[in-house]
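We use all heavy atoms of the structure for the numbers below, so side chains are in, but hydrogens, waters and symmetry mates are not. Both ligands and their constituent atoms are indexed starting at 1 by order of listing. As the structure is a prediction and not an experimental result, all values here were calculated from the model.
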Amino acid sequence: MKVNIKTDLITKIPSDVITLGIDAKNQTMDSVGLDKKTVNYIKAVLVLGDLSEKVGSTMIVYGDHFYPKILLVRVGDPKLLTANLFYSAVLSMANKLKPLKFKNLLIPINQFINTSLSAHAVAEYSVRGLMDVIYDVNSLKTINKVKQNIFQTIIHYDGTDLVQVKKGVQHGMAMMEGANLTKDLGNLPPNICTPTYLANTASKLGKEYKFKINIFDQKQIEKLKMGSFLAVAKGSREPPRFITIEHNKGPKNQKPIVLVGKGITFDAGGISIKPSADMDEMKYDMGGAATVLGVMKSVGILNLPLNIIGIIPSCENLPDGLALKPGDIVTSMSGQTIEVLNTDAEGRLILCDALTYAEKYKPDAVIDIATLTGACVVALGHHATALFSNYDPLSTELELAGIKALDKAWKMPLWDEYQPQLNSNFADMANIGGRAAGSITAACFLSRFTKKYNWAHMDIAGTAWKSGKDKGSTGRPVPLLTQFLIQRAGK
Ligand code: BES
Ligand code: MN
Ligand code: ZN
């Protein structure tokens, strides 16, 4: 999708589709500056009563040669329009537009701006909502392939905050281009999206955005003594990869922000094998890795003046004659020993070594992102990412970025009381903590490897993808993390 910002008189901009908000009194907003004829026409249409009173309801009306299609959207009282209401209105508009034929779409944004919804926000959410809905995965279909709807969006703005509108568009597009890469990677089948595929994706990003890329193979991972990561990888014939991506555009002496993503490209559970139902969805178990790649893409597009490192440990978790067994004890890169009581708790086993590796960057903060526990879905469902941290200012910053980006995270406890659930009779710790508080004990496990820096853990098991008829990756939490980094960059 291409986006242009125009400040001309609205009556000078013809377009295939114009988007018009309708208030509770069945009227268009004066702030749009529409001509009388169009205003009266819409009034006459609305009298027919087909546009529901529910905020976010939409309706297409056919107009004249200047605006062949008019997309009406109910905004209710424009003063009461909130970020959430507006974003869901954009989503319903985008869904209405998706099957239509048009080359350009005009969104006059003044009509949606109020004291709590800035010009920046309206521009950003408009672009994001459209790009989110218009995204299509069907690259492997050979029949009934949906043709990508390629169109130009014109954001019309009349006011003094043009710089903010430009930023809104720029940020929104960067977030969604990153998120769409994350979706693409997640949606690919696990026989294509392997650790090697993720490494190749990192290399491509490296070329495009001048990142420094390192890809370690099995031998190099052995040299690093990542005994815990390797223990998971050895149950698969697909070779593991340990990927680092470095974006060093900040001041030389500025400590980096490190993002670590779980890259299990398929999780069958290993010897502690999972039930068959819905096991295909475990192709999404690389959602953390895909998030890191997506965020790095957004960072590259925005060229943020920060030092940011992405780290991805990637392998498959399969049952095999050589696979890790329940009862095995492995030695992590940190030197701590782990009794593996359940091979399906593999995410923490690969992450712990990546978190130890992260120490070498002397980071300002480390944030790991992982589809870590089914228990997280039980706790929070599909609306919020679970957030854990050993440093409150960091989790607060992430929570606020999530609210702003409409990509919420909810803080969970990481209290010492939970730690004894990981006690083992034979090693420094067990890799599982029993049924109670499964996502918290998983975070407690990771916390034993993150003592040397400020750290946050994001469990995205409930938010990374959708199941059922609309099965597909959501691209979350790329918007949250990109927003966090934009704020860090002071942009
Ligand atoms: N990748 C899964 C977590 C998961 C399961 C995410 C279902 C989303 C939906 C993870 O590797 C796993 O299997 N975790 C186990 C841990 C348990 C054995 C302690 C789980 O949640 O069941
Ligand atoms: Mn698992
Ligand atoms: Zn997993």
With no hydrogens and no angle check, is any side-chain donor or acceptor of [X] less than 3.5 Å from a backbone partner on [Y]?
X      : Y      : result
Lys283 : Asn187 : yes
Thr337 : Asp428 : yes
Thr82  : Leu85  : yes

Which N, O or S atom of Glu346 lies nearest to the Mn ion (ligand 2), by name =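 Nearest N/O/S atom: OE1.
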
query = Name of the Asp267 N, O or S atom nearest the Mn ion (ligand 2)?
reply =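 The atom in question is OD2.
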
Please check if the number of heavy atoms outside [X] that lie under 6.0 Å from its [atom1] is greater than 12.
X      : atom1 : value
Lys204 : NZ    : no
Lys411 : NZ    : yes
Lys145 : NZ    : yes

ask   = Name of the Asp285 N, O or S atom nearest the Zn ion (ligand 3)?
value =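 Result: OD2.
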
inquiry  = If you consider just the N/O/S atoms, which atom of Asp267 is the closest one to the Zn ion (ligand 3)?
reply    =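 Going by distance to the Zn ion (ligand 3), the closest N, O or S atom in Asp267 is OD2.
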
ask   = Is the Mn ion (ligand 2) less than 2.8 Å from an N/O/S atom of Asp285, whether that atom is in the backbone or a side chain?
value =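 Checking Asp285: none of its N, O or S atoms is under 2.8 Å.
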
ask   = Judged by modelled atom types alone, do Ser236 and Glu238 share a side-chain donor-acceptor pair under 3.5 Å?
value =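 There is no such pair (donor and acceptor under 3.5 Å, judged by atom type) between the side chains of Ser236 and Glu238.
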
request  = Determine whether the side chains of Gln419 and Arg448 contain a donor N or O and an acceptor N or O closer than 3.5 Å.
outcome  =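 A donor-acceptor contact under 3.5 Å links the two side chains.
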
inquiry  = I'd like the contact residues of ligand 1, where contact means a heavy atom below 4.0 Å.
reply    =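 Only Lys262, Asp267, Lys274, Met282, Asp285, Asn342, Asp344, Glu346, Arg348, Thr371, Leu372, Thr373, Gly374, Ile432, Ala461, Trp465 have heavy atoms that fall under 4.0 Å of ligand 1, ordered by chain and number.
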
request  = Evaluate the ring planes of Tyr357 and Phe216, with Trp represented by its six-membered ring, and classify them as parallel (under 30°), tilted (30 to 60°) or perpendicular (over 60°).
outcome  =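 The rings of Tyr357 and Phe216 stand perpendicular, inter-plane angle above 60°.
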
query = To the nearest 10°, how many degrees is the angle Lys262 NZ to the Zn ion (ligand 3) to Glu346 OE2?
reply =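 Approximately 90° at the metal, rounded to tens of degrees.
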
